[in-house]
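Report on the structure given below.
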Amino acid sequence: MSGLEDLYREIILDHYRTPRNRGELDTPPATKVDGHNPLCGDEISVYLMVEDAENGDDAIVTDIKIGGQGCSISQSSASMMTNAVIGKRVGDVRAVSRKFKSLMGIENVDLQAGDDEVDLEDLEALQGVVKFPVRIKCAVLGWNTLSSALDEALDPAE
Amino acid sequence: MSGLEDLYREIILDHYRTPRNRGELDTPPATKVDGHNPLCGDEISVYLMVEDAENGDDAIVTDIKIGGQGCSISQSSASMMTNAVIGKRVGDVRAVSRKFKSLMGIENVDLQAGDDEVDLEDLEALQGVVKFPVRIKCAVLGWNTLSSALDEALDPAE
Amino acid sequence: MLSIDAVRKEFPLLAERTIDDARVVYLDSGNTSQKPRRVIDAMTEFMETTYAPINRSSYRLAGEATDAYEGGRKAVARLINAPSADEVIFTKNASEALNLVAMAWGRTNLSAGDVVVLTEMEHHANIVPWQMLAQERGIEIRWIGLTDDGQLDLSNLDELLDGAKVLAFTAMSNVLGTLPPTQLLCSAAHAVGALAVVDACQYVPHNVTDVQAWDADLVAFSSHKMCGPTGIGMLWGKMELLDAMPPFLGGGNMIDTVTFEGFTTAPVPAKFEAGTPPIVEAVGLTAAVEFLEELGMANVRQHEMALTRYALDTLNERFGDDITIYGPDNVEVRGGVFSFAFRDLHPHDVSQVLDETNVCVRAGHHCAKPLMKTLGVQSTTRASVYLYNDEADIDALADGLEGATDIFGL
Amino acid sequence: MLSIDAVRKEFPLLAERTIDDARVVYLDSGNTSQKPRRVIDAMTEFMETTYAPINRSSYRLAGEATDAYEGGRKAVARLINAPSADEVIFTKNASEALNLVAMAWGRTNLSAGDVVVLTEMEHHANIVPWQMLAQERGIEIRWIGLTDDGQLDLSNLDELLDGAKVLAFTAMSNVLGTLPPTQLLCSAAHAVGALAVVDACQYVPHNVTDVQAWDADLVAFSSHKMCGPTGIGMLWGKMELLDAMPPFLGGGNMIDTVTFEGFTTAPVPAKFEAGTPPIVEAVGLTAAVEFLEELGMANVRQHEMALTRYALDTLNERFGDDITIYGPDNVEVRGGVFSFAFRDLHPHDVSQVLDETNVCVRAGHHCAKPLMKTLGVQSTTRASVYLYNDEADIDALADGLEGATDIFGL
Ligand SMILES: Cc1ncc(COP(=O)(O)O)c(C=O)c1O
Ligand SMILES: Cc1ncc(COP(=O)(O)O)c(C=O)c1O
């Protein structure tokens, strides 16, 4: 069962069984964006609090919560994502997002100078997903939803 | 060159070189219908005179003329057709048409009692065409146009 | 009855492919079917010896190719008991066939306020084209609901059909396996003057099909689900309807003539086949139909009924309350498609664990999201059988499920 | 340069098929091309070992199949120098691609009185979809005429383009062989704010293609004319355009979500790929692209230019006034497609006589009836060459013509 163990690392199952930062935030002040995976129907809600949004990349992600349902991969990826972004600069969050998507083998990720040094921490555990094209969409679901949430939080007029 | 000789029998080439009943008839009293082969663009005009049209199958084809351009098969088939129908009862013309189309391997021809005995005469020479699906359309072009002309001549109101 | 050992030997992927040194247990035929040797060989041989354009050129090779292509139409007509091969139109898949119906027939015959009746268990292919038409011209869509055991709830059929112009429904659900009463639905549609459109994608591959006995108007299905190649689907229709419909796609082959001013259309079926058609695919499809005819569709159905009974019993006995299988329990009214919920596990994870022992099933909404809503779930795990599956495959599925909780420890 | 002996060995039909104990002289590649061994083998092997649904199921076999299918998109993007593989949409043939443009882009962006400019040498596939749109919503179609030697007459281009919303033209005529100045036409279209749509069916198989250098907006072409399988065609388009276009066919795979109330669409390219796509065909197409890349498209073009020169010279020298070859004489601006009139013989009869020595050519209007009108003929005989043809094939054509009058004695 080597393939499976490679996919379902203990740390992933841990985040799946005990998801971090599950819940809701009041909107406003938080931003809420829903995402879903068209292939399987999984749904996720990202609640995002950004401080000093007008500072753009220098604004700070002060809180994030996750709602919705999904498989072990989408749920654990979202859970780890919350840990990886809370308290970070928006610019740094975007760098983590790029690095993670490129780990997932997503093409057309515009890696930028400095992205190399980003430490993915727990998220590295998800690299076994790359072998399963359909599951990659699960792993990045939370991240794509977070991207939209960031765009909306920084430019609410849009 | 056996296949080719089988297709281009001398009688066919003769009708091609010296087509019978080429020309036009005044309309009215004659009926004129144009036909064409969508595959190659060939065009044919059938001018048809029917006497006592109100008699239906018992009306008589008194004259027929052919206009338009085409290949040796469509031209010779139309030329032979004119010989085969002039002076005949409409009912008998339709029988020849059915018999000929079934010789050409056309499906969905509703052969009727008595069609078996129809003598195709010169038209038998066209049976080599059956081996060339695309040329079958050439061979029946004149006949399909004649069918429309008969329908129109017998029921001009339509 | 079918001898599955013999049948499976004809499918190279099932007989020879291994992953981790074990054979593939293919339980995803509701999605697409495997291809028997003779279908592969027919395509290969045709490309090696006979490939040429069809309907356009007059040399002998082109004649051979044209005959081979048209042979596909005749084979399909035979399989579904169509009155004439000319009523069989080749499309790229069943979805194109259903779009053709909604667009060519629908745009001509439907206008704002007109009613199209669908069922809650339709595949997206029989929903979205009608919703596109609804967007474009404001037709109304009504839905036939389901009973608790996943059959169509026909108690208010008269009401739903009242004033309807179209009834479009699946002859077998790709999620529940349910086999609705096709003949009854066609005649109910006709009773109110509505068109009866049948999505027979899941039906034709598994049953004896008789479009005349159904008295259906238009029937769509796909080659790739019935042992044939990808890249070719079919629309059968009553000639007088097809004749009266405007074309769908424009281009070569579908025209009678083209001038700078406009065009006129060729007779059916050419009218609906613009451009170079799936030539090699029609040849493979012919071989697939011949394969099915030799096995006998009645035998296929019988085999699958027995296997369906075995699957339902095995899964329910081994997992009891841990498994919920959707759809009817009576194998007379269902085919071999098993959608289920298993413990608290997400279908993606179930499918992933099953994959570890090479058991291939689909997890997701199966292109039937409205039905998921009706069932009150986001997705299901779905195993689906075909003529090459046997009880050992069902046992492999059950064994795989047995191991699933160990990993997640839920 | 290409070694034709070696190349031809890769094509089973050309190397091995005989009719009346003689090889086939295939001069109908403008219609459809023969398939090399490796394309046939790639399809066979895929069906034997890796066939599975794509994009839907999550087991490993389905992952392999999905990768193989998406590999086709990457190969095509490479071949035409597209910025992104996601801009390559798989259709059933080039005709569907052009219909998609006329319907999805056209219905959204064109209304009564809007002008679409075509050329008089378009294939029906790039005429009829626009005429359908003209019927539906009264757009105006204008035509770029031809010079005496069969090139586009661009003297009044500004006038024709004045107020135009679309310029849709072929990159190589399938009748005359003419290669219009694609880059110039795209920039002329853009100068007036019109969309530049290129029918590259005859271009991509025979030339180095660079859609970015052209600065085209949407480009359609077909697999079956470039050594690939039937059942698959391509539309490439600039992402921002594709993104803004509504879907064309509705169904599975092209949706983001579906509810009882309506649907939303998936991102490009899925948005335009409803239903089960041509999976096996994409695998064969990948092999075809790899084959072309190994030969080198510049070499293919060079070979065909030399062969075109040889053909024009041979036919003109041997038949003088008895033959009229349409299209330019300069091989810099034409490809290897030779439409001609021969003595007083009807093209069907010419083709039939040539078939006697296995020389395969097409006779007819070549799906370009308006062009026939411009040329003042009803039909032509057309010989067309590809990377597997050589001078001996041209000689066989000329020898066959030599015998033609004997039979008819005209
Ligand atoms: C110039 C041109 N455009 C379009 C087409 C249509 O391509 P397809 O038949 O693959 O749809 C063809 C080929 O027939 C062609 O030569
Ligand atoms: C019931 C049903 N309808 C329609 C379709 C669509 O068929 P295709 O993917 O061949 O277009 C499918 C299969 O996916 C199906 O199961």
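Remember, predicted model here, so these are calculated numbers, not experimental data. All heavy atoms count here, side chains included; hydrogens, waters and symmetry mates do not. Protein chains get the first letters and strands the later ones, always in sequence-line order, with residue 1 at the start of each.
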For [X], is it the side chain, the backbone, both, or neither that has a heavy atom closer than 4.5 Å to a heavy atom of chain C?
X        : value
D/Glu64  : side chain
D/Pro246 : neither
D/Met254 : side chain
D/Asp355 : both
D/Thr50  : both
D/Ile232 : neither
D/Tyr26  : side chain
D/Asp349 : neither

message = side chain to side chain contact (heavy atoms under 4.5 Å, CB included) for D/Asp199 and D/Phe221? Distances and angles first, verdict last.
response = CA-CA 6 Å; D/Asp199 174 356; D/Phe221 50 112; over 6 Å; no
With distance as the sole test, does [X] use its side chain to make a donor-acceptor pair with the main-chain N or O of [Y] at under 3.5 Å?
X        : Y        : value
C/Thr49  : C/Glu45  : yes
D/Thr91  : D/Gly233 : yes
C/Lys225 : C/Asn31  : yes
C/Thr108 : C/Ala104 : yes
D/Lys35  : D/Ser33  : yes
C/Thr119 : C/Ile144 : no
D/Asn99  : C/Gly250 : yes
D/Asp20  : D/Ala22  : no

- Does CD belonging to D/Glu140 count more than 12 external heavy atoms closer than 6.0 Å? yes
Please rank [options] by heavy-atom pairs under 4.5 Å with chain C and give me the top one.
options                               : value
D/Val258, D/Asn93, D/Val24            : D/Val258
D/Val39, D/Asp41, D/Val361            : D/Val361
D/His123, D/Glu16, D/Glu96, D/Gln352  : D/Glu96
D/Pro277, D/Pro12, D/Ala94            : D/Pro12
D/Pro129, D/Gly364, D/Gly262          : D/Gly262
D/Ala52, D/Ser222, D/Cys360, D/Pro247 : D/Cys360

Only pairs of heavy atoms separated by less than 4.5 Å count here; which of [options] has the most with chain D?
options                               : value
C/Val359, C/Thr257, C/Leu354          : C/Thr257
C/Thr276, C/Ile279, C/Thr259          : C/Thr276
C/Leu14, C/Val128, C/Thr230           : C/Thr230
C/Ser58, C/Ala15, C/Ser57, C/Pro278   : C/Ser57
C/Met47, C/His365, C/Glu261           : C/Met47
C/Lys369, C/Arg107, C/His348, C/Glu48 : C/Glu48

For side chain to side chain contact (heavy atoms under 4.5 Å, CB included), just list the numbers for C/Arg60 and D/Asn358, CA-CA rounded to whole Å, side-chain angles, deciding distance to a tenth of an Å, and then say yes or no.
CA-CA 8 Å; C/Arg60 285 164 293 178; D/Asn358 291 350; 3.1 Å; yes
Turns out that what part of C/Met43 lies under 4.5 Å from chain D's heavy atoms comes down to side chain
Okay, C/Asn126 and chain D: the region with an atom under 4.5 Å from a heavy atom over there is neither
**Message:** Before you tell me yes or no, could you show the steps for D/Leu371 and D/Lys373 under side chain to side chain contact (heavy atoms under 4.5 Å, CB included), namely the whole-Å CA-CA distance, both residues' side-chain angles and the distance that decides it to 0.1 Å?
**Reply:** CA-CA 5 Å; D/Leu371 174 58; D/Lys373 175 122 197 226; over 6 Å; no
What orientation do D/Phe260 and C/Trp143 show, parallel under 30°, tilted 30 to 60°, or perpendicular over 60°? perpendicular
- When the ring planes of D/Tyr51 and D/Phe46 are compared, do they come out parallel, tilted or perpendicular, using 30° and 60° as the limits? perpendicular
By residue number, those in residues 130-139 of chain C with heavy atoms under 4.5 Å from heavy atoms of chain D are C/Gln131, C/Met132, C/Gln135
Practice item. State plainly whether the residues D/Arg382 and D/Asp28 are in salt-bridge range, i.e. N to O under 4.0 Å. Key: yes
Taken to the nearest 0.5 Å, the spacing of D/Lys271 NZ from D/Thr265 OG1 works out to 5.0 Å
Inset, instruction - Check the pair D/Lys92 / C/Leu249 against side chain to side chain contact (heavy atoms under 4.5 Å, CB included), numbers first and verdict last. - result: CA-CA 11 Å; D/Lys92 68 174 178 177; C/Leu249 304 181; 3.8 Å; yes
